[in-house]
S.K.: 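Mind having a look at this structure? Questions to follow.
Proteins come first, then strands; the chains are lettered A, B, ... in the order of their sequence lines, and each starts at number 1.
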There are 2 protein chains.
Amino acid sequence: MSSRTVSNVVNGYAKVTDRTRERVQRAVEELGYRPNVLARNLAQGKSGQIALVVPYLDTPYFSELLQSVLRAARAAGYTVLIDQTDGDPEHERAFIAHGSRRLLFDGVIFSPLGLDQMALADRDPSLPLVILGERSSDGTFDHVGIDDVAASRQATDHLLGLGRRRVAAIGDQPYATGEAAQLRTRGFREAHEARGQAVHEDLVIGTPRFNRPDGAHAMARLLDLEEPPDAVFCYSDLVALGAIHTIVSRGLRVPEDIAVIGYDDIEEGAFSNPTVSTVSPDKEWIAATAVERLLLRITSPTPPPGLELRAPHRLIIRESSAR
Amino acid sequence: MSSRTVSNVVNGYAKVTDRTRERVQRAVEELGYRPNVLARNLAQGKSGQIALVVPYLDTPYFSELLQSVLRAARAAGYTVLIDQTDGDPEHERAFIAHGSRRLLFDGVIFSPLGLDQMALADRDPSLPLVILGERSSDGTFDHVGIDDVAASRQATDHLLGLGRRRVAAIGDQPYATGEAAQLRTRGFREAHEARGQAVHEDLVIGTPRFNRPDGAHAMARLLDLEEPPDAVFCYSDLVALGAIHTIVSRGLRVPEDIAVIGYDDIEEGAFSNPTVSTVSPDKEWIAATAVERLLLRITSPTPPPGLELRAPHRLIIRESSAR
DNA sequence: GTGAAAGCGCTAACAC
DNA sequence: GTGTTAGCGCTTTCAC
């Protein structure tokens, strides 16, 4: 009995006699044999790992996503290695560039923040890659995300449909790396246009990130205006929660005085006071699709075409924008 | 020039001539040489990875912790592999038992939920291990966590000090795997004793997990009592948030009608309405210490003694239990 | 300080 | 179907 046969048995190749298989298995049991993953990795030139690289792991959206990715990867026998970039372009680049860690993972699911399209293109072409969020594919990787413009248009239209006439937007990022934010702003504008209403430019506020504090500060600025808004479209649920915090602490009511809608559909928004309306992307779909495409890319002998995958989304109306 | 010399240079061993080092480095540049991590791993018998295994990754407490662990590990040149067990005993056991994945990580930081002390003892003794949460060390691993009894006593005492006389506790788990919960219940009782007050046994409510829905349901039960509580000690901030959600939706006020205090100090509690008082464990300390001890355990030739490490904690009083 | 050569433990051609 | 053997690309003991 040789190592070849053992390898066959351990890896479950069909071509083994039942008797041999049994003999091997008993020996494995008795000797307490454990295959050495490290050796296998080297021999195969694969690590059996995929990396999930996101800007922030304590953002509920990403931790909920991480969970789904983990589940999908596990089902396929892969382990998940993670890293947080804090949106640092250098850190982000290091992950997709040629580097010594290249072999540590067979592929990457990557949610870039500080990297513009150009930097994305300049990467290790042999690294299977799936991009999350808002970056259009250049054909060498897959991209999965929801239709931000349409979703934002719907959210804004919902607010306008409530009869609100001074609708604010919190989260714009008018610079190269703010593509996702800009798409939402575009949707915000389109909704106004469709109803023949003008956008109040002073009500479009930028934020460096999409956090609670960002939302809280931005809302404070809006309330300090001579004519504050009567509704707010926030580019994340955290921003919405922060904004609501400010509104309430100033003695105003949500939604009576100011209606609020967020983005991401994190669980927190379903239990907050008030509960917050939101754009709900299908995270399970996003995670499952991202993993599926990545594994295909990893195992396929010839690189599959880079796809634009549109995840489903829907509007969830809760107390913060109830009639 | 041999591979030996190159290895020396790449790994930064001191014993190389400046001239040789330069020659090697230029060659490395020109050839675009990248060391193969997989081969190195095999040769060294190490993966340069540590695993973080927690019950739930979408729990803010764990995602905040994960973030700190990541930072500490990265500083030491380690990558972090993660897994979520959902508290499933079988899944948890698989991670610390002898197994083929053993070599995939050099050590594990583990927050068990479904595993009792006995099951913990029966593990791969060669696996460096640091336990988080409430499990006392048997001397073969380190344990880091806050003093749950003391912290719970302080939280409860704070509520009693407010003059509340019917203080409830949400989160008890009176079974083998509920050690952490039981310690909190003990602190809850001790606080009453210290003030010579009786615990209202009907106000001590169990929950399967420490989630928002758990808190919401438990609170509903408490409010259905003939004599509802006038204060609640919740075993997690999520439970507190869920409880507050229920209280508010019944038209009662926090803290006027019912004061609430939580546990974990997640960011969400600082922005919710009302903001929630909480027991704040020093997560940064916990993560840094856990990683430090784990790496020591990994690199030390002789196994270090298993330590009980007590992380600092403090009470943060916010609106939910303001006077 | 540098070179040669022997593993690390597995997988996968290649023969039988 | 089973055995033999040559790598995978490093690290490291051992001479020089």
Side-chain angles (χ1 to χ4, degrees), chain A residues 1-49 76-79 98-107 124 126-128 298-301, chain B residues 1-49 77-79 98-107 124 126-128 298-299 301:
Chain A
M1 183 162 48
S2 75
S3 60
R4 169 61 205 274
T5 311
V6 176
S7 183
N8 276 342
V9 172
V10 171
N11 292 303
Y13 290 165
K15 311 177 178 180
V16 191
T17 324
D18 279 358
R19 192 171 145 279
T20 313
R21 177 189 308 282
E22 215 161 292
R23 269 174 60 210
V24 172
Q25 278 171 341
R26 210 181 36 235
V28 164
E29 291 273 312
E30 283 176 14
L31 281 73
Y33 167 82
R34 310 286 169 201
N36 182 322
V37 211
L38 268 27
R40 169 186 306 202
N41 287 349
L42 174 58
Q44 293 190 148
K46 298 186 201 173
S47 65
Q49 298 190 135
Y78 278 76
T79 50
H98 317 60
S100 58
R101 290 197 299 181
R102 168 65 182 80
L103 275 306
L104 219 53
F105 34 83
D106 300 336
D124 184 342
S126 76
L127 177 67
I298 289 173
T299 51
S300 170
Chain B
M1 185 162 47
S2 75
S3 59
R4 169 60 206 274
T5 312
V6 176
S7 183
N8 277 342
V9 172
V10 171
N11 292 303
Y13 289 164
K15 310 179 179 180
V16 193
T17 324
D18 279 357
R19 192 172 146 278
T20 312
R21 178 188 307 282
E22 215 161 293
R23 270 174 59 210
V24 172
Q25 278 171 341
R26 209 178 40 233
V28 164
E29 290 275 312
E30 283 176 14
L31 281 70
Y33 167 82
R34 310 286 169 198
N36 182 322
V37 212
L38 268 27
R40 170 186 305 204
N41 287 350
L42 174 58
Q44 293 189 149
K46 297 186 202 172
S47 65
Q49 298 191 137
Y78 277 76
T79 50
H98 316 61
S100 58
R101 290 197 300 181
R102 167 66 182 82
L103 274 306
L104 219 52
F105 33 83
D106 299 336
D124 184 341
S126 76
L127 177 67
I298 288 171
T299 52

S.K.: List in chain and number order the residues that pass side chain to side chain contact (heavy atoms under 4.5 Å, CB included) with B/L127, two or more places apart in sequence or in another chain; answer none if no residue qualifies.
M.R.: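 B/I96, B/R102, B/F105, B/V108, B/D124.
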S.K.: Please list, chain by chain and in numerical order, all residues satisfying side chain to side chain contact (heavy atoms under 4.5 Å, CB included) with B/E22, sequence neighbours excluded.
M.R.: none
S.K.: Quick one: list whatever passes side chain to side chain donor-acceptor pair (under 3.5 Å) with A/D106, sequence neighbours left out.
M.R.: A/S47
S.K.: Rounded to whole angstrom units, what separation is found between the NZ atom of B/K46 and the C1' atom of C/dC8?
M.R.: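 In whole Å, C/dC8 C1' and B/K46 NZ are 14 Å from each other.
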S.K.: Between D/dT11, C/dG9, C/dT11, spot the one nearest the side chain of A/L42, thanks.
M.R.: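 In terms of side-chain proximity for A/L42, the closest of D/dT11, C/dG9, C/dT11 is C/dG9.
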S.K.: Grab the CZ-C1' distance between A/R40 and C/dA12 for me, whole Å please.
M.R.: 13 Å
S.K.: As a test of reading the structure: which of D/dT11, C/dT11, D/dG9 is closest to the side chain of A/A43, going by heavy atoms?
M.R.: C/dT11
S.K.: Whole angstroms only, please: what is the CZ-P distance between A/R23 and D/dG1?
M.R.: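 Roughly 16 Å, once rounded to whole Å.
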S.K.: With the threshold set at under 4.0 Å for non-hydrogen atoms, list the residues of residues 29-36 of chain A touching DNA chain C in residue-number order.
M.R.: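 Hits under 4.0 Å, by residue number: A/Y33, A/R34, A/P35, A/N36.
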S.K.: Is the closest side-chain heavy-atom distance between A/T79 and B/L104 below 4.5 Å?
M.R.: yes
S.K.: Rounded to 10°, tell me the angle between the two end axes of the helix from C/dG1-D/dC16 to C/dC16-D/dG1, each built from five pairs.
M.R.: 30°
S.K.: Going by side chain to side chain contact (heavy atoms under 4.5 Å, CB included), name the residues that satisfy it together with B/A43, two or more places apart in sequence or in a different chain.
M.R.: none
S.K.: Please list each protein N or O that sits under 3.5 Å from an N or O in nucleotides 13-16 of chain C, with the distance.
M.R.:
| from | atom 1 | to | atom 2 | distance (Å) |
| --- | --- | --- | --- | --- |
| C/dA13 | N6 | A/R4 | NH1 | 3.1 |
| C/dC14 | N4 | A/R4 | NH1 | 3.4 |

S.K.: Sequence neighbours excluded, which residues qualify as salt bridge (Lys or Arg N to Asp or Glu O under 4.0 Å) partners of A/R40?
M.R.: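 Testing A/R40 for salt bridge (Lys or Arg N to Asp or Glu O under 4.0 Å), a comparison that skips the adjacent residues, returns none.
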S.K.: State which residues pass side chain to side chain contact (heavy atoms under 4.5 Å, CB included) with A/L103; sequence neighbours excluded, sorted by chain then number.
M.R.: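 By the side chain to side chain contact (heavy atoms under 4.5 Å, CB included) rule, A/L103 matches B/N36, B/V37, B/L38.
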S.K.: Take atom CG of A/L103 and atom C1' of D/dC10, then tell me their distance rounded to the nearest Å.
M.R.: 12 Å
S.K.: Rounded to the nearest angstrom, tell me the gap between atom CZ in A/R101 and atom C1' in D/dG9.
M.R.: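 Rounded to the whole Å, the gap is 20 Å.
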S.K.: Can you measure A/Q44 atom CD to D/dG7 atom P for me and round it to whole angstrom units?
M.R.: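 My rounded result for the distance is 18 Å.
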